[in-house]
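Reviewing the structure listed below.
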Amino acid sequence: QVQLVDTGGGLVQTGGSLRLSCAASGRTFTNYAMAWFRQAPGKERDFVATINWSGGHTVYADSVKGRFAISRDNRKNTVYLQMNSLKPEDTALYYCAADTAYYSSGNVSPKDMRFWGQGTQVTVSS
């Protein structure tokens, strides 16, 4: 089992920034590719970004490309999501996820990820 704890959400104005963190424990962190998903009220959980085991390859959803950056620190067993130029449509519950497989095309759905954090709320006011 891998335990994931998401933190860093909050309320921010349009154009602001937040950095989400996801701390992992329980298994060898470098065995897992990591990803961030988000879910707005009444909508499906959508892919945001993913990063491979070493941190050398990343993929983003078109909606966040150029604004968000995913990274990982394998010494700290933590993955991050730096979110800049936030928009009201970025408001959602953000989840980190882990799986041994890495989807280099970015074509990854929630069912492909084995382990999940509890989510952290991001609210962007207009």
Side-chain angles (χ1 to χ4, degrees):
Q1 291 288 332
V2 175
Q3 292 77 44
L4 302 174
V5 177
D6 308 326
T7 58
L11 174 64
V12 64
Q13 291 186 333
T14 296
S17 298
L18 281 174
R19 189 176 82 153
L20 306 184
S21 299
C22 173
S25 62
R27 291 286 180 93
T28 303
F29 186 59
T30 51
N31 287 346
Y32 294 89
M34 302 297 294
W36 287 96
F37 289 77
R38 67 186 181 186
Q39 188 167 18
K43 296 190 176 182
E44 294 183 348
R45 191 171 298 187
D46 291 330
F47 166 75
V48 175
T50 188
I51 189 166
N52 73 347
W53 312 273
S54 68
H57 192 269
T58 58
V59 183
Y60 298 91
D62 287 343
S63 59
V64 306
K65 204 171 291 183
R67 300 188 298 123
F68 289 12
I70 187 171
S71 61
R72 64 190 294 163
D73 186 337
N74 287 339
R75 297 166 301 174
K76 296 182 179 180
N77 291 356
T78 301
V79 64
Y80 304 98
L81 185 68
Q82 178 66 44
M83 305 186 295
N84 300 325
S85 303
L86 282 161
K87 306 174 182 179
E89 51 265 42
D90 294 318
T91 294
L93 192 58
Y94 283 71
Y95 297 90
C96 76
D99 196 88
T100 53
Y102 176 64
Y103 298 86
S104 59
S105 66
N107 186 22
V108 52
S109 67
K111 65 177 177 62
D112 296 320
M113 306 302 290
R114 185 173 179 186
F115 301 105
W116 290 88
Q118 83 285 1
T120 184
Q121 178 67 38
V122 172
T123 302
V124 185
S125 63
S126 58

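Just so we're clear, the structure is a prediction, and the values are computed from it rather than from any experiment.
Minimum heavy-atom separation, L18 to L86: N-CD1, 3.9 Å. Taking every heavy atom of both residues into account, G9 and T120 meet most closely at N-OG1, 3.0 Å. The two atoms that bring T58 and Y60 nearest to each other are OG1-CE1, 3.5 Å, heavy atoms only. Contact between M113 and A35 at its shortest, heavy atoms only, is CE-CB, 3.9 Å. When every heavy atom of S21 is checked against every heavy atom of T78, the shortest pair comes out as CB-CG2, 4.3 Å. Between S126 and P88, the closest heavy-atom pair is CB-CG, 3.9 Å.
Cation-pi check for R45 over F37 is not met; the charged atom does not lie both under 6.0 angstrom from the ring centroid and within 45 degrees of its normal. A cation-pi contact, defined as under 6.0 Å to the ring centre and within 45° of the axis, is absent between R27 and Y32.
A donor-acceptor contact shorter than 3.5 Å links the side chain of Q118 to the backbone of D6. Between the side chain of W116 and the backbone N or O of L4, no donor-acceptor pair lies under 3.5 Å. Judged by distance alone, with hydrogens and angles left aside, the side-chain atoms of T14 form no donor-acceptor pair with the main-chain N or O of K87 at under 3.5 Å. D90 places no side-chain N or O within 3.5 Å of a backbone atom of N84 that could act as its donor or acceptor partner. D46 contributes no side-chain N or O that, together with a main-chain N or O of R38, makes up a donor-acceptor pair within less than 3.5 Å. T50 contributes a side-chain N or O that, together with a main-chain N or O of M34, makes up a donor-acceptor pair within less than 3.5 Å. A donor-acceptor pair is defined here as one N or O able to donate and one able to accept, closer than 3.5 Å; such a pair exists between the side chain of Y102 and the backbone of H57. The main-chain N or O of G55 is never found under 3.5 Å from a side-chain atom of R72 such that the two would form a donor-acceptor pair.
R19 CZ to S71 OG: the interatomic distance, rounded to the nearest 0.5 Å, is 7.0 Å. Note that CG of L11 and OG of S125 are 5.0 Å apart. Values are rounded to the nearest 0.5 Å.
K111 NZ: 12 or fewer foreign heavy atoms inside a 6.0 Å radius.
Between Y94 and F68, the two ring planes are tilted [angle within 30° to 60°].
With contacts defined as side-chain heavy-atom distances shorter than 4.5 Å, the pair T91/Q121 qualifies.
Cluster annotation: Y95 is not connected to I51 through the hydrophobic network of ILVMFWY side chains, with a link wherever side-chain heavy atoms come within less than 4.5 Å. Note on F47 and W36: separate hydrophobic clusters, where clusters join Ile, Leu, Val, Met, Phe, Trp and Tyr whose side-chain heavy atoms are under 4.5 Å apart, directly or indirectly. V79 and M83 fall within a single hydrophobic cluster, where Ile, Leu, Val, Met, Phe, Trp and Tyr are joined by side-chain heavy atoms under 4.5 Å apart, directly or via other members. Under the 4.5 Å side-chain heavy-atom criterion for ILVMFWY residues, no single connected hydrophobic cluster contains both Y80 and L93. Note on L20: it clusters hydrophobically with V124, by side-chain heavy-atom contacts below 4.5 Å among ILVMFWY residues.
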